[in-house]
S.K.: 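Okay, handing you the structure first.
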Amino acid sequence: MTFIVGGPAWLDRDRFDVTAKPDKPGKPSLAQLRDMLRKLLAERFQLSFHHDQRELSVYAIIRAKSGPKLTKSNSDTTGLFGGMGIGLSRLGFNNITMAEFATMLQGSSIMDRPVVDQTGLGAVRYDFTLKWTPVGPQAQRNEAERGADSGDALPDLFTAFQEQLGLKLEPTKTLVDVLVIDRVVRPSEN
């Protein structure tokens with residue numbers, strides 16, 4: 001996944017609803033949707049950017065000393081989520097690579113910085129479930145829903161990574177691909 005840097009402050013706080021129709025009949029493919037979005041951003045937001053590499057603070061997924069505790073997938077079905085589900089303190093996957101897992105984590109509200117795969121596990125696909133106790137408001141909601149005396153306390157995310165997956169989330173700095181915004185303007189109302 002590529003990170004976005006630069007641009008005005010409103011990019012991080014303002015949200016826009018987009019209603020679009022494909023220019024060809026039928027349901028657009030993922031590639032067609034990306035192309036439509038690219039065109040919309042260029043036309044409505046006058047967006048221009050360039051690719052670069054920057055050193056950023058990230059969480060690197062690395063192998064723990066105990067080694068990975070992952071089950072290789074036997075599934076024919078490819079896909080990021082595989083139907084096992086996502087919750088506030090549970091992630092379950094079928095048939096996922098560590099690079100895809102890192103991309104999913106950084107695209108979620110779970111992590112406070114980008115996530116990169118440095119496990120060296122390559123394109124091998126795995127099935128796994130990760131359960132942890134979130135911190136902050138999520139933790140309070142989950143504890144209230146579960147009941148404080150339920151006896152099924154889960155570890156924090158960093159401990160869960162090591163105990164359940166045989167991996168570690170290590171804070172570090174590394175070069176990552178970024179999109180640098182050269183120009184963007186707030187669109188006018190329709």
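Since this is a predicted model, take the numbers as computed values, not measurements.
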S.K.: Ignoring hydrogens, what is the shortest heavy-atom contact between Phe128 and Ile96? Give both atom names and the distance.
M.R.: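 Residues Phe128 and Ile96, closest heavy atoms: CE2-CG2, 3.5 Å.
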S.K.: At what distance, to the nearest 0.5 angstrom, does CD of Gln162 lie from OG of Ser66?
M.R.: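 It is 6.5 Å, given to the nearest 0.5 Å.
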S.K.: Begin with the C-alpha distance, continue with both residues' side-chain angles, and end with the deciding distance and a verdict on side chain to side chain contact (heavy atoms under 4.5 Å, CB included) for Leu130 and Leu157.
M.R.: CA-CA 9 Å; Leu130 179 65; Leu157 181 63; 3.8 Å; yes
S.K.: If we only count heavy atoms from C-beta on, is the Leu56 to Val178 side-chain gap below 4.5 Å?
M.R.: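 Answer yes - side chains close enough.
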S.K.: Hydrophobic clusters here meaning ILVMFWY residues chained together by side-chain heavy-atom distances under 4.5 Å, can you tell me if Ile181 and Leu40 are in one?
M.R.: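 Yes.
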S.K.: At their closest point, which heavy atom of Thr174 faces which heavy atom of Gln118, and how far apart are they?
M.R.: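 Heavy atoms of Thr174 and Gln118 come nearest at OG1-NE2, 3.9 Å.
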S.K.: Would one find more than 12 heavy atoms of other residues, nucleotides or ligands at under 6.0 Å from atom NZ of Lys69?
M.R.: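 Yes, NZ of Lys69 has more than 12 neighbouring heavy atoms, counting only those of other groups under 6.0 Å.
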S.K.: Can you tell me if Asp177 uses its side chain to pair, donor with acceptor, with the backbone of Gln53 under 3.5 Å?
M.R.: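 Such a contact is absent between Asp177 side chain and Gln53 backbone.
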S.K.: Indicate, with yes or no, if the rings of Tyr126 and Phe101 have centres closer together than 6.0 Å.
M.R.: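 Not under 6.0 Å, so no.
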S.K.: Using a 4.5 Å cut-off on heavy atoms from C-beta on, say whether the side chain of Pro68 contacts that of Leu121.
M.R.: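 Yes, close enough: below the 4.5 Å cut-off.
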S.K.: For Lys131, does its backbone N or O pair with a side-chain atom of Gln164 as donor and acceptor, under 3.5 Å?
M.R.: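 A pair under 3.5 Å: yes.
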S.K.: Tell me whether Val180 is reachable from Val185 by hopping between hydrophobic residues (I, L, V, M, F, W, Y) whose side-chain heavy atoms are closer than 4.5 Å.
M.R.: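 In one cluster with Val185: Val180, no.
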S.K.: When hydrophobic residues are tied together by side-chain contacts of less than 4.5 Å, even through go-betweens, does Ile4 share a cluster with Trp10?
M.R.: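 Same cluster.
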S.K.: Can you tell me if Thr133 uses its side chain to pair, donor with acceptor, with the backbone of Leu154 under 3.5 Å?
M.R.: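 The answer is yes, because a donor-acceptor pair under 3.5 Å joins these two groups.
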S.K.: Hey, are the side chains of Tyr59 and Asp112 touching, using non-hydrogen atoms and a 4.5 Å cut-off?
M.R.: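 SC-SC contact between Tyr59 and Asp112 confirmed.
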S.K.: Indicate yes or no: at least one non-hydrogen side-chain atom of His51 is less than 4.5 angstrom from one of Leu179.
M.R.: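 His51 vs Leu179: side chains touch.
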S.K.: Please round to the nearest 0.5 Å and tell me the distance separating atom CZ of Arg186 and atom CZ of Phe45.
M.R.: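 These two atoms lie 9.5 Å from each other.
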S.K.: Tell me if the CG atom of Asp14 is crowded by more than 12 foreign heavy atoms within 6.0 Å.
M.R.: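 Check passes, neighbour count above 12.
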S.K.: Give me the atom names and distance for the closest heavy-atom approach of Pro28 to Leu33.
M.R.: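 Scanning both residues, the minimum pair turns out to be CG-CD2, 3.7 Å.
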S.K.: Is any side-chain heavy atom of Phe93 closer than 4.5 Å to one of Met104?
M.R.: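 Yes; the side chains approach each other to less than 4.5 Å.
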S.K.: Write down the atom of Ala60, the atom of Thr172, and the distance for their closest heavy-atom approach.
M.R.: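 Answer, listing the atom of Ala60 first, then Thr172: CB-CG2, 3.9 Å.
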S.K.: Using side chain to side chain contact (heavy atoms under 4.5 Å, CB included), reason through Val116 and Ile61 one step at a time and then give a plain yes or no.
M.R.: CA-CA 6 Å; Val116 296; Ile61 302 175; over 6 Å; no
S.K.: Indicate the atoms forming the closest heavy-atom contact of Arg113 with Val58, along with that distance.
M.R.: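 Between these two residues, the closest heavy atoms are CD-C, 3.3 Å.
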S.K.: Indicate yes or no: at least one non-hydrogen side-chain atom of Thr97 is less than 4.5 angstrom from one of Arg125.
M.R.: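 Yes; the side chains approach each other to less than 4.5 Å.
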S.K.: Quick one: closest heavy-atom pair of Thr119 and Arg63, and the distance?
M.R.: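 Closest pair (atom of Thr119, atom of Arg63, distance): O-NE, 2.8 Å.
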S.K.: Mind checking whether Ile62 and Leu165 sit in one hydrophobic cluster, side chains of I, L, V, M, F, W, Y counted as touching below 4.5 Å?
M.R.: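 No, Ile62 does not connect to Leu165 through the hydrophobic network.
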S.K.: Spell out, yes or no, whether Leu167 and Phe158 are grouped together once hydrophobic residues are joined by side-chain heavy atoms under 4.5 Å, including indirect joins.
M.R.: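 Linked, Leu167 and Phe158 end up in one cluster.
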